[in-house]
Enquirer: 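Just passing along the structure, written as structure tokens.
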Amino acid sequence: MTYKELMEFALLHYEEGGDFIYECWDERIFNEYVAEFGDISKSKALEIFKQLEERRQEIQSTIW
């Protein structure tokens, strides 16, 4: 998946954790991630979105 494809995919999954990628990742961060961890497939992107959404929910549950 290219950077542009990832951004489009993240926008489609904005409410499921894709918002963080869409709002916070630029092409430099994308390239660093790919260099360190390898290419991002759709299934890998969905895993990342899920982890981000779980983390967000965990943090929100601890806020008074």
Side-chain angles (χ1 to χ4, degrees):
M1 184 176 276
T2 65
Y3 172 73
K4 183 179 176 185
E5 291 169 336
L6 177 63
M7 292 299 109
E8 291 170 359
F9 195 64
L11 188 55
L12 288 174
H13 296 277
Y14 195 86
E15 297 295 322
E16 299 97 36
D19 60 323
F20 180 83
I21 300 296
Y22 187 80
E23 299 290 339
C24 299
W25 278 30
D26 59 15
E27 198 161 357
R28 179 188 57 80
I29 293 171
F30 170 81
N31 289 332
E32 288 176 3
Y33 183 95
V34 170
E36 186 168 344
F37 300 106
D39 291 335
I40 301 174
S41 64
K42 286 184 178 182
S43 62
K44 179 64 176 175
L46 289 172
E47 288 177 33
I48 295 168
F49 300 164
K50 181 181 177 195
Q51 291 171 354
L52 291 168
E53 185 59 27
E54 288 172 354
R55 182 67 177 133
R56 177 196 343 263
Q57 289 176 8
E58 179 184 327
I59 290 168
Q60 286 180 339
S61 72
T62 63
I63 297 173
W64 301 27

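The model shown is predicted, which means the values in this text are computed figures rather than measured ones.
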Enquirer: Could you state the interatomic distance from NZ (Lys44) to CZ (Phe49), rounded to the nearest 0.5 Å?
Expert: 11.5 Å
Enquirer: Please say whether more than 12 non-hydrogen atoms of neighbouring residues, nucleotides or ligands are located less than 6.0 Å from OH in Tyr33.
Expert: yes
Enquirer: Can you sort out the partners of Ser43 under side chain to side chain contact (heavy atoms under 4.5 Å, CB included), two or more places apart, ordered by chain and number?
Expert: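 For Ser43, the residues satisfying side chain to side chain contact (heavy atoms under 4.5 Å, CB included) (neighbours in sequence not counted) are Ser41.
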Enquirer: Using salt bridge (charged side-chain N to carboxylate O under 4.0 Å, His left out) as the criterion, list what pairs up with Glu54, not counting sequence neighbours.
Expert: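 Residues passing salt bridge (charged side-chain N to carboxylate O under 4.0 Å, His left out) with Glu54: Lys50.
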Enquirer: If the condition is salt bridge (charged side-chain N to carboxylate O under 4.0 Å, His left out), which residues does Glu58 pass it with, not counting sequence neighbours?
Expert: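 Per chain and number, Glu58 pairs via salt bridge (charged side-chain N to carboxylate O under 4.0 Å, His left out) with Arg55.
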Enquirer: Suppose we screen for side chain to side chain contact (heavy atoms under 4.5 Å, CB included). Which residues come up paired with Leu52, at least two apart in sequence or across chains?
Expert: Phe20, Ile21, Ile48
Enquirer: For Tyr14 versus Glu23, what's the shortest heavy-atom pair and its separation?
Expert: OH-OE2, 2.7 Å
Enquirer: Which heavy atom in Ala10 sits nearest to a heavy atom in Gly18, and how many Å separate them?
Expert: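 Residues Ala10 and Gly18, closest heavy atoms: CB-O, 3.5 Å.
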Enquirer: Using the test side chain to side chain contact (heavy atoms under 4.5 Å, CB included), find all partners of Glu5 that sit at least two apart in sequence or belong to another chain.
Expert: Met1, Thr2
Enquirer: For Phe30, check side chain to side chain contact (heavy atoms under 4.5 Å, CB included) against everything at least two apart and list the hits.
Expert: Tyr3, Leu6, Trp25, Val34, Ile40
Enquirer: Can a donor-acceptor pair be found, under 3.5 Å and without considering hydrogens, that links the side chain of Asp19 to the backbone of Glu15?
Expert: no
Enquirer: Say whether Glu47 and Gln51, considering side chains only, have a donor N or O and an acceptor N or O under 3.5 Å apart.
Expert: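 On atom types as modelled, these side chains do not qualify, holding no pair under 3.5 Å.
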Enquirer: Once you round to the nearest 0.5 Å, how far does CG of Leu46 lie from CD of Glu53?
Expert: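 So the gap between those two atoms works out to 13.0 Å.
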